[in-house]
Amino acid sequence: MNGRRVRIPAALALSAVMVFGCSHPPAKTAEAVAAAHTEPGIALVNQKKLSPRLSELTFTSSALDGTTKVRVLLPHGYDAEKGRSYPVLYLYHGGGQSASSWTQDGAAEKITAGLPAIVVMPDAGSTEWYADWWNNGHRGRPMWETFHINRLLPWVDEHYRTIPERGARAAAGLSMGGFGTVSYAARHPDLFGAVGSFSGDVDHQNVQMRTIIEQLHPSLWGPWATQEVRWRGDNPWDLAANLAHTDMSLYTGNGQPRHDGEAVDATEQRIRQENVSFHERLRDLGIRHRWHDYGPGSHTWPYWQADLRDWIPHLKAYFARHAQHRATPRSFTFSSIRPQYSAYGWTVRMRRDVTEFSALEVARERRFTVVGNGSATVLTPSLARPGRRYHVTVRDHAGASVRSATADAQGRLTIPLALGPGNPHQQYSPQADTSSTGPSPDNAPFHTRGNSSRFNRAEVTITPR
């Protein structure tokens, strides 16, 4: 495999249907999670031990219909070393698979035998992607992102001896699970420090792939023709700028046969097109990543096993460097279509008339920019002295102004911003594409198309009074 690490200037099985512990009392043994637990939105209803390392948990959740399974591999010595805590690897399955696939077909138990980390393998529905479904505007279940991120992840940190830091949490997945891996890391960059995508479905601009998804689930994100923004809101290619501080490894074959008797694999060929597109997007943004374009190879388990086997030593090295550190960047960019989003301790609440992207760009602790329209309210992390008043200088479409803000008891500031008139049409919609609302800034940190939607900037500097 080509394992070069790229530094730059600026998968979906759908063809047919760490070393590193730290002191962490109290001890949580494997048996400690055997009883049912009821917590907000998630309840453990059954647990089976399948091998000395492997257990299968069954949950109910308000985010899903029925029950769902999660398999967990514990590192060797977990119950014996009761004062030790571990990093966590979330391992996501592909389309047409389940929570058992990585251990039944992917040899994950053997491949991770030397990895001193807890490995969590959740279900995500056979072909339901790693997203909260739009359901034609009605939303509601299934809500896989809500389950995986807001329910399961905190549950794992509560019931196992984890190191609950970004630098001690990683994700990897194949095909559809590669989408989940990279998309979750882009939507929640403060949760996952390292990711591995194996033949990942990483760019839904690919017409053939998104046509397959639309035919399978028309209400997942809605029709691309009218709801393109919802697809792009979860699409790794569109969220690439969010991954600037994430350790990324991308693996793809080209679908050509490696051995006699093998056929050309059209699915892997499409997946490679997506990966090349995503790789080029990262390169254009100057985002470092490991690029493994290994040539002949199909969309099958032997290649995903090889990908995982190749990636594990890199992950061990990453955990060795970062597991004991918070690994929070001082500057970052975060883009989202959601009306409220959070990253690295910052929260932005948008008010606008249509669904579209906005972005938070943090240059340093007390200087940031919001890109968007309508209005925004920014809640900073703890960066001020509680109760102290601060000058807030804002430069926006109306010019420069100075106001004051008082830090709350946690040292956070709440700063309202006016970003200018809202757009009349949903971003990327046919109505937006046929209208002209004025130019957008050339350096918007998300993809813009022509002049169909306008975005404004409000630059903020915070200084003590």
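Because the structure is predicted, anything quoted here is derived from the model rather than measured.
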Q. For the atom pair OH (Y390) and OG1 (T461), what is the distance rounded to the nearest 0.5 Å?
A. 14.5 Å
Q: Give a yes or no on whether a salt bridge exists between R457 and E361, defined as a side-chain N under 4.0 angstrom from a carboxylate O.
A: yes
Q) Ignoring hydrogens and geometry, is there a side-chain-to-backbone donor-acceptor pair from E280 to S277 under 3.5 Å? A) no
Q | Short side-chain donor-acceptor distance under 3.5 Å, S219 and N136 | A | no
Q.
Please check this pair: side chain of H322 against backbone of A317, looking for a donor-acceptor N/O pair closer than 3.5 Å.
A. no
Q) Ion pair present between E214 and R230, side-chain N to carboxylate O less than 4.0 angstrom? A) no
Q. Would you say R290 and H314 make side-chain contact, with heavy atoms under 4.5 Å?
A. yes
Q) So which heavy atom on P75 is nearest to which on I118, and how close? A) CD-CG1, 3.9 Å
Q) Does some side-chain heavy atom of F179 sit less than 4.5 Å from a side-chain heavy atom of D203? A) no
Q | Sidechain-backbone polar pair: D105 side chain, W301 backbone, donor-acceptor under 3.5 Å | A | no
Q.
Distance alone, cut at 3.5 Å: any donor-acceptor contact between the side chains of D132 and T146?
A. yes
Q: Tell me whether the guanidinium CZ or amine NZ of R161 lies under 6.0 angstrom from the six-membered ring centre of Y86 and within 45° of its axis.
A: no
(Q) Under a 3.5 Å cutoff, is there a donor and acceptor pairing between the side chains of N206 and Q273? (A) yes
Q) Parallel, tilted or perpendicular: which fits the ring planes of W155 and Y160, with parallel below 30° and perpendicular above 60°? A) perpendicular
(Q) Is the shortest side-chain heavy-atom distance between Q426 and Q431 below 4.5 Å? (A) no
Q) What are the two closest heavy atoms between V202 and S197, and how far apart are they? A) CG1-OG, 4.0 Å
Q: Anything under 30° is parallel, anything over 60° is perpendicular, the rest tilted; go ahead and classify H204 against W221.
A: tilted
Q: Give the intermediate values and the outcome of side-chain contact (heavy atoms from CB on, under 4.5 Å) for residues I213 and W231.
A: CA-CA 11 Å; I213 298 170; W231 289 73; 3.8 Å; yes
Q | Which atom of G41 lies closest to which atom of S61, heavy atoms considered | A | O-OG, 2.7 Å
Q: Answer yes or no: is there an ion pair linking K69 with D123, defined by an N-O contact shorter than 4.0 Å?
A: no
Q | Taking every non-hydrogen atom, the tightest pair across A171 and W311 | A | O-CH2, 3.8 Å
Q: With salt bridge (charged side-chain N to carboxylate O under 4.0 Å, His left out) as the test, would you mind laying out the steps for E228 and R232 before giving the verdict?
A: CA-CA 6 Å; E228 181 178 340; R232 290 186 178 274; 2.8 Å; yes
Q | side-chain contact (heavy atoms from CB on, under 4.5 Å) between Q340 and M350, intermediate numbers included | A | CA-CA 6 Å; Q340 179 169 316; M350 301 294 302; over 6 Å; no
Q: Using distance alone, with no hydrogens and no angle criterion, decide if D353 and N423 have a side-chain donor and acceptor under 3.5 Å apart.
A: no
Q) Which heavy atom of D190 sits nearest a heavy atom of R166, and at what distance? A) O-CB, 3.4 Å
Q | Parallel, tilted or perpendicular, as decided by the 30° and 60° cut-offs, for the rings of Y251 and F198 | A | perpendicular
Q: Please assess R351 against S375 for the test side chain to side chain donor-acceptor pair (under 3.5 Å), listing each intermediate value before the final yes or no.
A: CA-CA 5 Å; R351 290 186 178 180; S375 64; 5.3 Å; no
(Q) Checking the side chain of R349 only, and the main-chain atoms of P339 only, is there a donor and an acceptor separated by less than 3.5 Å? (A) no
Q) Less than 4.5 Å apart, any side-chain heavy atom of F192 and any of T246? A) no
Q | Polar side-chain atom of R169 near backbone of L191 as donor-acceptor pair, under 3.5 Å | A | yes
Q: Considering only NZ, NE, NH1 and NH2 on the basic side and carboxylate oxygens on the acidic side, decide whether D433 and R449 come within less than 4.0 Å.
A: yes
(Q) Could you report the tightest heavy-atom contact between Y303 and P296, atom names first, then the distance? (A) CE2-O, 4.1 Å
Q) Checking ring-ring contact (aromatic ring centres under 6.0 Å, His included) for the pair Y184/H148: CA distance, chi angles, key distance, verdict? A) CA-CA 9 Å; Y184 280 174; H148 291 142; 5.8 Å; yes
Q | Main-chain N/O of F446 paired to D238 side chain as donor or acceptor, under 3.5 Å | A | no
Q.
I want to check something: taking the side chain as every heavy atom from C-beta on, are H292 and D310 in contact at a cut-off of under 4.5 Å?
A. yes
Q: Tell me yes or no: between the side chains of S382 and R412, is some donor less than 3.5 Å from an acceptor?
A: no
(Q) Are there over 12 heavy-atom neighbours, none belonging to R395, within less than 6.0 Å of that residue's CZ? (A) no
(Q) Run the side-chain contact (heavy atoms from CB on, under 4.5 Å) test on N254 and Y294 for me, step by step, so that the C-alpha distance in whole Å, both residues' side-chain angles and the decisive distance to 0.1 Å come before the verdict. (A) CA-CA 8 Å; N254 62 16; Y294 52 79; over 6 Å; no
**Q.** R367 atom CZ: more than 12 heavy-atom contacts under 6.0 Å
**A.** no
(Q) Is a donor from one side chain sitting under 3.5 angstrom from an acceptor on the other, for W129 and D201? (A) yes
Q) Does the side chain of H425 pick up a donor-acceptor pair with the side chain of S453 at under 3.5 Å? A) no
Q: For W133 and M143, run side-chain contact (heavy atoms from CB on, under 4.5 Å): C-alpha distance rounded to whole Å, both residues' side-chain angles, the deciding distance at 0.1 Å, then the answer.
A: CA-CA 6 Å; W133 282 36; M143 297 185 288; over 6 Å; no
Q. Is it true that R338 and D234 have a side-chain N and a carboxylate O under 4.0 angstrom from each other?
A. yes
Q: Classify the angle between the aromatic ring planes of Y341 and F334 as parallel (below 30°), tilted (30 to 60°) or perpendicular (above 60°).
A: tilted
(Q) Y130 and ring-ring contact (aromatic ring centres under 6.0 Å, His included): which single residue from Y90, F147, Y92, W144 fits? (A) Y92
Q.
Quick check: do V264 and Q256 have side-chain heavy atoms less than 4.5 Å from each other?
A. yes
Q: Using atom types as modelled and distance alone, determine if a side-chain donor or acceptor of T112 lies under 3.5 Å from a backbone N or O of L115.
A: no
Q: For Q104, check side-chain hydrogen bond (donor to acceptor under 3.5 Å, both in side chains) against everything at least two apart and list the hits.
A: S100
(Q) How long is the straight-line distance from OG1 of T211 back to CZ of R270, given to the nearest 0.5 Å? (A) 9.5 Å
**Q.** Distance-only side-chain donor-acceptor flag, H299 / Q269, under 3.5 Å
**A.** no
Q. Between the side chain of H289 and the main-chain N/O of I287, is any donor-acceptor distance below 3.5 Å?
A. yes
Q | Side-chain heavy-atom pair Q97, L174 within 4.5 angstrom cut-off | A | yes
(Q) Do W224 and Q227 make a side-chain contact, defined as non-hydrogen atoms from C-beta onward lying under 4.5 Å apart? (A) no
Q. Counting N and O atoms only, with roles assigned by atom type, does the side chain of T380 sit under 3.5 Å from a partner on the main chain of L413, one being a donor and the other an acceptor?
A. yes
(Q) Working to the nearest 0.5 angstrom, can you tell me the gap between T60 OG1 and R151 CZ? (A) 11.5 Å
Q. Can S183 and R187 be counted as having a side-chain donor-acceptor contact under 3.5 angstrom?
A. yes
Q) Salt bridge or not for E268 and R272, using N-O below 4.0 Å? A) no
Q) Is there a donor-acceptor contact under 3.5 Å from the side chain of N242 to the main chain of A186? A) yes
